[in-house]
Amino acid sequence: MADGNTTARKRPAGGDGAQGTQEARLEGLTREPLHDLLYRMLLGRRFEEKCAEGYALGKIGGFCHLYIGQEAVATGALSVLRPDDYIIDAYRDHVQALLKGIPARQIMAELYGRVGGSSKGKGGSMHLYSAEHNFMGGWGIVGGQLPLATGIGWAIKYRGEDRVCICFLGEAAVNQGAFHESLNMAALWKLPVIYIVENNRFGMGTAWERASSLYDISQKATAYDMPASVADGMDVFDMRRKVGEAVERARSEKVPTLIEARCYRFMGHSMSDPVSGVYRTKEEVESAKEKDPIRILIDQLKDAGLLTEEELHALDGRVKQEVDDAAEFADRSPEPEPDELYRDVYAQINEHGRLFFDRQDRMED
Amino acid sequence: MAVITYREALNAALAEEMERDPNVFLMGEEVGLYNGAYKVSKGLLDRFGEMRVVDTPITELGFAGLGVGAAMVGLRPVIEFMTHNFAMLAWDQVFNSAAKVLYMSGGQFKCPIVFRGPSGAALQLSAQHSHALESTYAHFPGIKVCTPATPADAKGLLKAAIRDEDPVIVLEAEMLYALKGEVPDGADFVVPLGLADVKREGTDVSILTNGKMVHVSLQAAAALEKQGVSAEVVDLRSIRPLDVDTILASIRKTNRAVYVEEGWGLAGIGVTVADLIQEEAFDYLDAPIVRVSQADVPMPYNKSLEKLAKPSAERVVKACNRVLYRQATA
């Protein structure tokens, strides 16, 4: 997928990654940030593979939705943000959380339901949060995170800040009322929110064309007089471009943007869902995998002389080490104590009156 | 102590809290330019400007969720529902977002937000505009609920709700907005959540109630007095947290209880209160507890049918006589 926009000069494979003024670039990026992008893509992939393993071993329970195939979307989008910008997501949220800076250890421990998890084991796969990293969840109701993102945008405007909020959603959420209500308010009040629709083609088992009267999602922004674009969600550089433009617009002009990122989910909807057979064929999935965003990036980097096989091997080795370390940490992390059950239901236990009405509470009185 | 209306009391609470804390803002349909559908927010747009008194499109799910998102990052939104009937469109954000974000995030994100507006039946508003929703709201852990019945409680509870660190539902009533009453002066006046109030002392029977039904119960108590019965009226004020101590103290005194609630009976507030009493004060009871609630029907439009559907002072008197095992004398 190396395209006409590629500006890199071809360098011989195994080149020394020039440090001088004539340093090789791809999409305006030098070797180090390019390797960082690849590292992040690989980290997302390997982390999810480890989750599948943990799920198969019974270490992870409940619903578990993997991101494999969609890595370019999150990697590209998050690579143009500042640490103080906000991210909010639906329930396929592990990789966004990782890339926003929540340590892999904390995420894996959360999936294992342990106290070392980002929510002390009480949120699980679908509910990752980090106040420190401005990662705002992790929400389990389709479309439910959109009004919240709009509110975060409202708070940014209220305080006169120049931060932005990126809201990820699946294409199926576009049909929820929350999508339309949120986009209308964001456009009406000029809120710095970027809504990125990850169109992975299927809302669980229902193909997009079976769910929407209008195929082109970006056109829906017209109804709200909102800027919109379509990005190749299998191309990390296209994601960087489109999200970069939207972020710039949000910071300087305080306007929201709708971006449709066309991508593909290589796995089933969740771990309990078959990869293919019911709503799509094995051939379709295999054919989509030929556009694997990580392979595309590796080929681009190698073609541009910006990555050697040894470097790739080393990067992947580091990624595997980080992911193995996360799983080992999660394994070692303790189970929550029983008194954790009642903690954090309320932030304020009022001086008067009873807040809990179950028998356990009454027996203690 | 000034005599003001319930509406003015709410207005004063909003103004005082917005003055005190720049993070407090009011958002909802018609709250600004129109001065509020029920004039609760009268004058606030002029005083605080359009970033703090925000007219919304008719988009309840959207602006309720907007409030939750803003609360997660440190603002303190007061979301007005023109009535809580319309809030049903927003309940995903109330119950799935506001009520749960603290727990799901392992304590990282508080949600200090108030969802307020009238609830319950007014006059001939028919089936879709007459819901009393306290039992539905109170069902969800993570949510707090209060139901002010007087101007003083309206001001004091709304201020407590705005200052609380959790999502608080304030259930007002169209029929109470014009009610006048004494309200303590001063910005420091607050009615803490979780404190019931004995609105009338009595010795023979406890009428336990909340919200608009406090007034129906007081009418019933006045009628019972003429029959020689001394009824105590306990206004719960808060449903969650619930002042169980005051309820039990009243039962220990009178040994008989009637619960009066505006909403439907199944899984109503009275069910929980009756259960608490039978478990924690069983030996003090001299009669089974009787509940008075709305008829189990959608609210009819027709005036006489509507009257039949609502809990009335007559029905409360009858219920009290039943738990007293006595025949009415008047």
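All chains are named by letter (A, B, ...) in the order of the sequence lines, taking the proteins before the strands, and each is independently numbered beginning at 1. Worth saying up front: this structure is predicted, and the values here are computed from it rather than measured.
- Among the residues in residues 156-163 of chain B, those with a non-hydrogen atom closer than 4.5 angstrom to a non-hydrogen atom of chain A are B:R163.
- The stretch residues 99-117 of chain A places none of its residues near chain B, where near means some heavy atom under 4.5 Å from a heavy atom of that chain.
- Interface residue B:D164: backbone and side-chain heavy atoms are both found under 4.5 Å from chain A.
- The interface of residues 154-168 of chain A with chain B, defined by heavy-atom distances below 4.5 Å, comprises A:W154, A:A155, A:K157, A:Y158, A:R159.
- In this structure, no portion of B:P167 lies under 4.5 Å from any heavy atom of chain A.
- If you measure heavy-atom distances from B:L236 to chain A, you find no contacts under 4.5 Å at all.
- Contact of B:P192 with chain A is made through the side chain alone, with heavy-atom distances under 4.5 Å.
- The part of B:I143 that comes within reach of chain A is its backbone (N, CA, C, O), which places non-hydrogen atoms under 4.5 angstrom from that chain.
- For chain A, the option among B:T246, B:D245, B:N96, B:D243 with the highest count of heavy-atom pairs below 4.5 Å is B:N96.
- For B:T272, the part sitting under 4.5 Å from any heavy atom of chain A is the side chain, from C-beta outward, and nothing else.
- Only the side chain of B:V244 comes within contact range of chain A, judged by heavy atoms closer than 4.5 Å.
- Among residues 180-193 of chain A, the residues having any heavy atom closer than 4.5 Å to a heavy atom of chain B are, in sequence order, A:E181, A:N184, A:M185, A:L188, A:W189.
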